Asker: 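What follows is a structure written as structure tokens; I'll ask about it next.
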Protein chains: 2
Amino acid sequence: MEDEVDRLVAAWRRERPDLDVEPLEVLSRVSRLARHLDRARRTAFAEHGLEPWEFDVLTALRRAGSPYQLSPGQLLTQTLVTSGTMTNRIDRLTGKGLVKRLPDPDDRRGVLVRLTDDGRDRADQALAGLLAHERELLAQLTSGQQTELAALLRQLVAPFDNIPG
Amino acid sequence: MEDEVDRLVAAWRRERPDLDVEPLEVLSRVSRLARHLDRARRTAFAEHGLEPWEFDVLTALRRAGSPYQLSPGQLLTQTLVTSGTMTNRIDRLTGKGLVKRLPDPDDRRGVLVRLTDDGRDRADQALAGLLAHERELLAQLTSGQQTELAALLRQLVAPFDNIPG
DNA sequence: TCGAGATATCTTGATGTCGAGATACCTGCG
DNA sequence: CGCAGGTATCTCGACATCAAGATATCTCGA
């Protein structure tokens, strides 16, 4: 089965036969797939009344375990957004009653963001919905292929995640 | 080598041992890697005075081959953005002298967007820079692994690219 | 103890994107 | 021929994001 990147690569080979465009076979597919996933997720979360960015923040807190709280800084590293964006997100989630800000008892510069009961329920529901949806997409691959794909992707992501950049 | 998704998955298994979170091993890595790639690309293109979105549009036209022109609609399907966004992009690229709008001789509703000579040169330069940069990232994998990764990703993207969604 | 530099968060202004609707034009059926 | 429905592009308002800078606080060596 051909995809848009096959067409893209073929076009480059025709227009710029002097270049080695092999890297695009992997990385353009990653970018395009991510774009498609974003759209699919937006649809999936809409059933639960959540935006993708809300899901990202709520689930980061949910994963932290009881009492479901993290600093804005910890949320930054998990969600790959800037601090200004996170401040804005926390403001809006607070307005919707899904999280609340608490002063950090150990650092007066700091703040802790804690999930409310309602926020935790919404996160749990949306996660279940997301997993169901993602399982369908992955039905294209055997279980073994999924494992292999995950391993290859890990090798590419690891440098970014471990060397701060 | 561990990555952020390993930690994420471990956290879910601890907090929600009742759920099968296997799909995240693949799809969360795709999303996070794409996010990192976006940032890296922004840096790479800055050397050529281009934004990532400018690169996307210019190279779509460049790939089309002489006379380097496409309709806004064709550009939409290649770049996965909405029509309002594309209108805006074409406006700005026109302002920078990198593309120009021409009336479509066969359809008076239509427009053709054509690359200027300057636009073509900028696209070519930026592409070379991007490929050099991407080759470094992929040095983590053997040539065989890259081929395999590309094939697995193709299976996931193809349904999106071929069944309109 | 004091001060320099690091750190945590928030503020601000600019900008790009989306989504829905508007407009103009095309196509094909009756 | 005329009209209904489809298509191509643009307009507009709302909104999320980013980058850079501001503020408050912490840390640690002299």
Side-chain angles (χ1 to χ4, degrees), chain A residues 31 34-36 38-43 45-46 50-58 60 69-96 98-114 164-165, chain B residues 31 34-43 45-46 49-58 60 69-96 98-114 164-165:
Chain A
S31 292
R35 204 105 172 74
H36 286 300
D38 273 350
R39 293 184 166 189
R41 266 197 282 251
R42 185 174 305 278
T43 306
F45 291 144
L50 286 180
E51 298 290 322
W53 64 263
E54 295 178 305
F55 178 84
D56 287 344
V57 176
L58 296 180
Q69 63 185 20
L70 291 172
S71 70
Q74 290 172 309
L75 288 170
L76 292 191
T77 66
Q78 292 207 32
T79 55
L80 297 177
V81 297
T82 62
S83 65
T85 297
M86 187 53 67
T87 297
N88 188 11
R89 288 183 175 188
I90 297 168
D91 286 346
R92 281 174 284 154
L93 287 171
T94 301
K96 291 179 71 171
L98 301 179
V99 308
K100 58 185 170 186
R101 277 192 179 89
L102 302 172
D104 183 335
D106 300 325
D107 185 339
R108 264 176 296 181
R109 295 168 304 179
V111 169
L112 292 173
V113 181
R114 182 184 294 196
Chain B
S31 293
R35 206 104 171 73
H36 286 300
L37 289 177
D38 274 349
R39 292 184 166 191
R41 267 198 279 252
R42 185 174 305 278
T43 305
F45 293 143
L50 286 180
E51 299 290 323
W53 65 261
E54 295 178 306
F55 178 85
D56 288 344
V57 176
L58 296 180
Q69 62 185 20
L70 290 172
S71 70
Q74 290 172 309
L75 288 170
L76 291 191
T77 66
Q78 292 207 31
T79 56
L80 297 178
V81 297
T82 62
S83 66
T85 298
M86 187 53 66
T87 298
N88 186 12
R89 288 184 174 188
I90 297 168
D91 287 346
R92 282 174 282 155
L93 287 171
T94 300
K96 291 179 71 170
L98 301 179
V99 307
K100 57 185 169 187
R101 277 191 179 89
L102 302 172
D104 183 334
D106 299 327
D107 185 339
R108 265 178 294 184
R109 294 168 305 179
V111 169
L112 291 174
V113 182
R114 183 184 293 195

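Heavy-atom basis, side chains included; hydrogens, waters and symmetry copies ignored. Letters A, B, ... are given to chains in the order of the sequence lines, protein chains preceding strands, and every chain is numbered from 1. Note that the coordinates shown come from a computational prediction; the quantities given were computed from them, not determined experimentally.
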Asker: Quick one: which of C:dT17, D:dA20, D:dT9 gets closest to the side chain of B:R92?
Answerer: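 The nucleotide sitting nearest to the side chain is C:dT17.
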Asker: Just call it for A:D107: base, sugar-phosphate, or nothing, with non-hydrogen atoms closer than 4.0 Å on any strand.
Answerer: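 Answer is sugar-phosphate: A:D107 comes under 4.0 Å of backbone atoms only.
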Asker: D:dA30 pairs with which nucleotide, Watson-Crick or G-U wobble, both distances below 3.5 Å?
Answerer: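 Checking every strand shown, D:dA30 finds its partner in C:dT1, with both distances under 3.5 Å.
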Asker: I need the CH2-P distance between A:W53 and D:dT17, as an integer number of Å.
Answerer: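 Taking CH2 of A:W53 and P of D:dT17, I get 7 Å after rounding.
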Asker: For C:dG16 and B:R89 - does any side-chain N or O of the residue sit under 4.0 Å from the phosphate oxygens OP1/OP2?
Answerer: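 No.
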Asker: Whole Å only: how far is the CG atom of A:N88 from the P atom of C:dG13?
Answerer: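 After rounding, the reported distance stands at 15 Å.
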Asker: Verify side chain to side chain contact (heavy atoms under 4.5 Å, CB included) between A:Q74 and A:V113, making sure each step is shown before the conclusion.
Answerer: CA-CA 10 Å; A:Q74 290 172 309; A:V113 181; over 6 Å; no
Asker: Let's test your reading of the model: under 3.5 Å, does the base of C:dC18 pair with the side chain of B:T85 as donor and acceptor?
Answerer: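 No, the side chain and the base share no sub-3.5 Å donor-acceptor pair.
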Asker: Mind calculating the distance between CZ (B:F55) and C1' (C:dG16) to the nearest angstrom?
Answerer: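 Checked: the CZ to C1' distance equals 19 Å.
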Asker: Expressed in angstrom and rounded to an integer, what is the separation of A:D104 atom CG from D:dT25 atom C1'?
Answerer: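 About 12 Å, once rounded to whole Å.
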Asker: Pick out the pairs of N or O atoms, protein on one side and nucleotides 1-7 of chain C on the other, that lie under 3.5 Å.
Answerer:
{"residue": "C:dT7", "atom": "O2", "partner": "A:R109", "partner atom": "NH1", "Å": "2.5"}

Asker: Side-chain N or O of A:R108 less than 4.0 angstrom from OP1 or OP2 on C:dA8?
Answerer: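 No, outside the criterion.
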Asker: Regarding B:G73, tell me which of base, sugar-phosphate or nothing describes its non-hydrogen contacts under 4.0 Å with the strands shown.
Answerer: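 Since only primed, P, OP1 and OP2 atoms lie under 4.0 Å of B:G73, the category is sugar-phosphate.
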Asker: Say whether, by atom type as modelled, one donor and one acceptor occur between the side chain of A:R114 and the main chain of A:L102 under 3.5 angstrom.
Answerer: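 Here the side-chain-to-backbone pair does not exist.
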Asker: Between A:L80 (CG) and D:dA19 (P), how many Å, whole number?
Answerer: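 One finds 12 Å between P of D:dA19 and CG of A:L80, rounded.
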Asker: So, using salt bridge (Lys or Arg N to Asp or Glu O under 4.0 Å) as the criterion, who are the partners of B:R41 when residues are at least two apart?
Answerer: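 B:R41: salt bridge (Lys or Arg N to Asp or Glu O under 4.0 Å) contacts with B:D38, B:E134.
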Asker: Side chains of A:V57 and A:M86, heavy atoms from C-beta outward: is any pair under 4.5 Å?
Answerer: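 The answer is yes, as the side chains (C-beta and beyond) meet within the 4.5 Å cut-off.
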Asker: Is A:R89 reaching over with its side chain to a backbone N or O of A:D56, donor-acceptor style, under 3.5 angstrom?
Answerer: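 Such a contact is absent between A:R89 side chain and A:D56 backbone.
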Asker: A:R101 CZ to C:dA8 P: how many Å, rounded?
Answerer: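 Interatomic distance, CZ of A:R101 to P of C:dA8: 16 Å.
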Asker: Where is the tightest heavy-atom contact between A:S71 and A:L112, given as atom of each residue plus distance?
Answerer: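 Nearest pair, atom of A:S71 first, then A:L112: N-CD2, 4.0 Å.
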Asker: Which one is paired to C:dT11, where only Watson-Crick or G-U wobble pairs with both distances under 3.5 angstrom count?
Answerer: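 Check on C:dT11: paired to D:dA20, both distances under 3.5 Å.
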Asker: Consider the side chain of A:T87, meaning its heavy atoms from C-beta on, and name the nucleotide among C:dT11, C:dG16, C:dC18 that approaches it most closely.
Answerer: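 Closest nucleotide among those given: C:dT11.
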Asker: Both B:T82 and A:D91 contact DNA chain C. Taking the nearest nucleotide for each, which residue is further toward the 5' end?
Answerer: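 Result of the comparison: A:D91.
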Asker: Does B:R42 put a side-chain nitrogen or oxygen below 4.0 Å from OP1 or OP2 of C:dG16?
Answerer: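 No.
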Asker: Taking all non-hydrogen atoms of both residues into account, name the closest pair between A:L93 and A:W53 and its distance.
Answerer: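 Closest pair (atom of A:L93, atom of A:W53, distance): CG-CZ3, 3.8 Å.
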Asker: Determine whether B:L76 and B:S83 make a side-chain contact, defined as any pair of heavy atoms from C-beta on separated by less than 4.5 Å.
Answerer: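 Side chain of B:L76 against side chain of B:S83, heavy atoms only: contact under 4.5 Å found.
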Asker: In whole angstroms, how far is the C1' atom of C:dG16 from the CD atom of B:E54?
Answerer: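 It works out to 12 Å between those atoms.
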Asker: Whole angstrom is fine here: how far is it from CG in A:D38 over to P in D:dT17?
Answerer: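 Atom-to-atom, A:D38 to D:dT17, this comes out as 11 Å.
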